[in-house]
Amino acid sequence: MDLIIVVPIMLPILTGFLLGIIKPNYNNRNTIIISSTILNFILILYIILFKHNVSFHIVKINEFLDIYLMPDNIGKIFATLVSALWILTTFYSIDYMGNQKNLNKFFMFFMITEGVTIGIAFSGNLITLYLFYELLTLSTFPLVIEKGSEKALQAGKKYLIYSFFGATMVLFGIILLFSQTQNLAFTPGGIVGSVPMGNPNFYLFIYILLFLGFGVKAALVPFHSWLPSAMVAPTPVSSLLHAVAVVKSGIFALGRMTYYILGWEVIEHTKGNDYMLILVLITILMGSFLAIHQQNLKKRLAYSTISQLGYIMLGLVIFENSSYIGGMLHMLFHATIKITLFFCVGAIMHYENKTELKEIEGIGKRMPKTMLSFTVASICLIGIPPMNGFVSKWFLAIGGLERGNYFVPIILLLSALLTAAYLIPIISSAFFKGKPAHDVEVSEPNNFMLVPIVLLAVLNVILGFFPNALITMIQSAASKLF
Amino acid sequence: MIKFIPLINILILILFSFIILITKKEKNVKLMSFASNIITFLLSILLLTRVLLEDFIVLNLGKNNSLLGIQFYIGSSEAVISLTFTFVMLMILWFSNSSVKKEVSEIRISFFYILINILLASLLGVIYSNDLFNSYVFIEVSTLSACGLIILKDKKENIKATVKYLIMSTIGSGLVLMAIAYIYSITGHLNITNINEVIVSSYQSHQNAVLIILGLFTVGLGIKSAVFPLHSWLPDAHSSAPTPASAALSALVIKVYVFMLIKILFRMFTYEIVNSFIIMDIILLLGSMGMIFGSIMAIFQKELKRMIAYSSVAQMGYIVFGIGLGTISGTAIATYHIIGHAVTKSSLFLISGLMIEKTSSKKIEDLKGIGREMPITLGLFTLGAFSMVGIPILPGFISKWYLSLACIEVGRVPLILIILASSLLNVLYYFPIIINGFFGNENLDGKIYKSKKIELSRLIPIFFLVLSIILVGAFSSKLINLF
Amino acid sequence: MEIFTENYFETGAIILFGIGFVTLMLHSNLIKKIIGMNIMDTAIFLFFISKGYVTNKEAPIVVDITKNPDSYINPVPSALMLTGIVVAVTTTAFALALTIKLYKHYNTIDLEKILEMREES
Amino acid sequence: MIKKDIILKEVGKIIIPLVQIFGIYIIVNGHLSSGGGFSGGTVLASSLIIMHLIYGEAYVEKNIKKETLIKFISISLIFYAVVKGYSFLSDVYNLPHPALGPVGKIFSAGFILYLNIVLGILVASIFYIIFSIFISKEV
């Protein structure tokens with residue numbers, strides 16, 4: 001019964017519309033949201049374990065425009081990541097948002113975005129991916145401008161213009177591609193390989209178009225400036241969007257495009273990946289440099305996301321088995337780490353309403369558990385050996401070496417230093433500055449917020465110690481590609 | 001009997017409009033015009049099924065040999081277009097029987113229904129007729145009834161818009177008549193199929209004569225269908241006319257002349273002849289300029305209806321672009337876009353009419369925060385805007401997609417940039433309305449409207465139109481390989 | 001050059017068409033525009049009917065006995081021009097009515113002035 | 001404002017019926033000699049206009065009211081449409097046609113005669129209405 005894969009996409013969207021229509025009051029709205037996200041998570045687990053190579057055409061208008069869902073294992077991994085983190089974020093945002101007046105609209109779009117992101121994970125061809133890609137922009141836009149202030153509207157408009165510009169580039173690439181290959185389905189190893197090689201720079205042009213198009217969402221350097229300005233949104237939105245949903249779907253689409261559509265031999269033949277490599281390296285360095293002297297905590301984390309995304313793109317651009325695994329691993333680990341960091345910063349903002357670095361002296365003594373998990377997460381991000389950040393960086397470095405360009409590991413190490421440079425000051429000012437510990441009473445955020453933060457920190461550590469369960473799964477996907 | 005449907009269609013419409021002339025009570029004026037439209041709609045469904053079964057129908061009125069008599073030729077594209085037009089007109093009529101009272105003074109209501117009936121009859125006439133002079137007469141009738149519709153409100157700007165429209169369209173029809181005279185002098189026939197036989201053999205000898213004819217037809221019909229440089233009458237005419245009339249005008253009337261241009265270019269002069277002349281590149285140029293500048297001008301508009309009018313100039317650019325490509329797939333997309341755009345544009349205009357009635361001001365600034373007051377209407381408007389901007393599944397996207405494919409087929413890849421650029425420009429002027437309508441706190445609070453509740457019954461016709469947008473999108477593949 | 005002198009009807013019609021077209025386009029006074037429109041239409045009718053003319057044949061009117069058909073000129077264009085004339089008359093009547101209404105509202109019939117008025121009104 | 005001028009009125013009394021008869025002649029002989037509905041109708045309309053000019057608004061208004069004219073128009077239009085439609089449809093299903101009389105006689109051309117008459121009335125009343133609207137300035 002192939003219909004099962006449509007359910008995890010439709011369920012959140014329907015609950016979203018349900019919220020919009022019946023406008024429930026505070027607590028039964030919370031129950032609806034929590035139950036639907038948990039149900040969704042269980043459904044996806046069920047699909048992963050029992051359903052193998054199942055596919056479903058939602059609507060087939062004509063030979064190019066068919067909405068076709070075909071979750072392979074990369075798609076399943078991404079979907080599990082999204083739905084798991086969505087549950088935690090729902091708990092977090094219920095407490096964070098409190099009960100303002102029109103939260104129904106907020107949670108409506110919140111649920112629709114989850115459905116659309118899982119749609120991206122499950123999409124079977126480039127057109128479905130493009131459709132969900134556009135819907136993602138439209139459904140995340142109201143979340144970004146939740147505050148409704150003039151500044152939020154400006155940031156929202158900027159976000160919209162960037163993503164529509166990216167979407168048009170992607171559309172241009174898809175049209176050119178379709179005129180050559182007449183089909184857009186994802187096939188491991190790429191469909192272009194089979195088509196006789198017309199002229200290489202035509203495919204180079206398509207590759208660059210698609211890379212930049214999806215790169216806008218993945219905060220590639222020239223198009224990254226919408227990410228920090230979208231920090232004006234409330235923390236659950238900015239943490240979810242800029243750690244899990246929007247940015248990662250851009251990366252996921254890039255991965256799909258390079259390995260499942262164009263195929264890496266074709267790109268290598270057209271030397272497209274060398275140009276992109278330069279761009280990715282610039283992203284990594286620029287992200288970390290800018291993050292260092294950012295005073296606002298959320299902006300600092302935003303720039304760190306840009307540089308971490310550069311890591312993942314590095315994995316996609318170096319066509320090596322281990323670097324692919326490293327990229328995918330970092331995609332997962334970065335999501336969990338960054339969401340913890342954002343949660344902690346959000347907790348600080350919500351309870352102490354302090355946002356600048358100077359204001360949070362001695363916060364560690366007031367909120368020990370939150371800041372402890374913040375330190376654990378930042379250690380993972382820097383990539384100190386036992387933690388999960390190190391595992392993915394390790395694979396990336398090996399991939400770089402196998403490919404033969406030596407400056408990849410150098411760049412990795414350099415940016416690991418830079419990550420330390422912008423994370424450690426936060427920890428040090430939190431714990432070692434400010435008034436002595438005994439005369440400060442402890443005021444932890446209530447457990448609706450605290451539980452997700454601690455859970456995530458523990459999850460990071462476990463993933464660090466026992467990553468090979470994940471590695472084998474990604475390895476099975478990667479084996480088909482190389 | 002089915003063979004006679006086109007004639008019966010037109011006859012019923014004209015007959016009922018005359019009967020309305022006499023009836024006094026307003027209620028059965030509406031009843032009659034409604035009845036005539038429903039009959040024509042059902043008949044055109046019958047016609048479409050008949051055409052789908054056998055190939056095209058040729059209907060000779062009067063003399064059998066087509067030398068003298070009027071001839072109707074109904075191929076698959078004509079049948080589908082006439083079905084869409086009758087459907088859209090039915091919805092406009094349904095919408096107008098509640099909203100026309102507010103805009104048009106009491107005594108002129110019956111004139112409104114008469115003109116709408118005659119307009120639809122003449123539009124169907126132009127689509128069906130295979131005879132040049134006969135379609136010229138129908139064009140004149142449609143222009144005059146369109147002028148009548150614009151002037152119904154009888155205010156200052158209406159009269160100015162009508163004068164401008166009348167003068168521009170008389171120039172257009174003068175050129176068209178001259179072109180028909182020219183064709184007649186070369187071929188001695190007035191019937192498209194006969195002319196085709198003669199032209200195919202003899203066009204080498206009359207090289208520049210055929211060029212002049214093509215030029216006259218393109219400019220003449222271009223003026224009437226508001227192709228880019230010749231469109232200056234459209235914004236005034238469409239923004240000052242009453243809402244149902246402006247919806248009918250911009251969705252139906254300007255499409256018919258372009259369809260006649262398609263008939264002339266591709267059925268009379270076959271593809272090879274037309275492509276051997278430079279006229280095709282000029283049309284392509286006109287189309288691409290229209291796409292870009294139409295949207296640019298729409299961005300700077302302050303009033304809602306003028307903005308939508310300029311956006312139909314841009315959409316006409318798409319259709320002319322499709323023709324300019326000069327391939328079979330190009331024309332198929334142009335016809336598909338005629339249908340897609342007719343449905344979307346009429347729903348957008350009707351919704352904007354409702355919104356203007358609610359905020360009682362034409363300016364776009366006053367539409368801020370309308371999402372709170374009329375969520376459903378703005379929701380429908382968003383759907384229409386999505387189709388214009390080109391979100392997949394909706395017809396806007398499909399015609400953009402196929403247009404660019406046709407461009408690649410012809411080998412002019414940079415033209416795709418123009419298509420995509422113009423769809424980006426569409427975003428720039430449709431989305432601010434939606435954004436300010438739904439979101440933004442300072443837009444929403446402090447919004448007090450005269451709480452004229454727009455009762456839902458007025459929304460049903462628009463709901464059907466929006467539904468048909470999705471349907472047109474869904475069945476696009478079958479539609480396209482029909483043409 | 002002898003093309004022009006030979007079928008001088010067509011050349012006359014084209015020249016008239018040019019004059020009518022130019023007056024319709026360029027003159028700002030509405031009445032002049034309507035006159036130009038009429039000139040243009042009559043020029044086209046002349047062109048059409050001259051197409052039907054066959055030298056030394058007479059008009060197709062049944063006086064008392066009907067002669068054999070080939071002694072008449074080709075009646076088709078002149079029949080068509082009947083409808084053409086009616087169309088031209090209706091447009092002129094409509095345009096005249098519009099000019100009167102315009103005069104009532106703007107008390108000038110100079111189109112340029114009326115258009116400027118729109119800018120500042 | 002038209003001063004009561006005896007000469008005009010007397011001459012009018014004689015000329016107007018003549019003009020009307022001439023108009024009717026043109027309409028009826030439409031299918032034989034040149035003329036037919038359009039030209040005959042205009043001649044009839046000119047007779048009405050002369051009457052309007054000479055005897056002034058009130059006189060004409062008395063016996064040809066505006067509503068009756070509009071009724072005339074719509075009835076003749078409907079008649080024309082029905083007959084024309086019938087003629088198109090009938091030659092396919094060979095329904096009865098009025099007899100085609102001998103060539104050259106008045107009742108010789110089947111429908112055309114009735115159509116011409118109806119068309120004449122139509123054109124006459126329309127032209128007269130246009131004239132009366134223009135002259136009464138309530139355009």
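We name chains A, B, ... by the order of the sequence lines, and we start the count at 1 in each one. We use all heavy atoms of the structure for the numbers below, so side chains are in, but hydrogens, waters and symmetry mates are not.
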Would you say the side-chain atoms of B/Trp233 pair up with the backbone N or O of B/Ile223, donor to acceptor, closer than 3.5 Å? yes
Proximity of residues 138-149 of chain B to chain C, residues having a non-hydrogen atom under 4.5 angstrom: B/Glu140, B/Leu144, B/Cys147, B/Gly148
Can you tell me which portion of C/Ile34 sits under 4.5 Å from chain B's heavy atoms? Options are side chain, backbone, both or neither. neither
Measuring only between side-chain heavy atoms, which start at C-beta, is C/Phe45 closer than 4.5 Å to B/Leu177? yes
Let me confirm one number: the CD1-CG distance from B/Ile150 to B/Asn158, rounded to the nearest 0.5 Å. 8.5 Å
What part of B/Leu166 gets within 4.5 angstrom of chain C, counting heavy atoms only: side chain, backbone, both, or neither? side chain
B/Lys305 side chain to B/Ala241 main-chain N or O, any donor-acceptor pair under 3.5 Å? yes
Find out whether B/Tyr184 and C/Leu80 are in side-chain contact, i.e. whether some heavy atom of one side chain is under 4.5 Å from a heavy atom of the other. no
Could you please state which residues from residues 15-24 of chain C sit under 4.5 angstrom from chain B, measuring non-hydrogen atom to non-hydrogen atom, sorted by number, or 'none'? C/Phe17, C/Phe21, C/Leu24
Any side-chain heavy-atom pair from C/Val86 and C/Thr83 closer than 4.5 angstrom? no
To the nearest 0.5 Å, atom OG1 of C/Thr91 lies from atom CG of C/Asp41 at 6.5 Å
Minimum side-chain heavy-atom gap B/His238-B/Tyr310 below 4.5 Å: no
Would you say C/Tyr103 and C/Leu30 make side-chain contact, with heavy atoms under 4.5 Å? no
For residues B/Ser232 and B/Met168, determine if any side-chain heavy atom of one lies less than 4.5 Å from a side-chain heavy atom of the other. yes
Residue B/Ile180 versus chain C: region with a heavy atom under 4.5 Å: both
Taking the side chain as everything from C-beta on, heavy atoms only, tell me whether B/Asn130 gets closer than 4.5 Å to B/Lys263. no
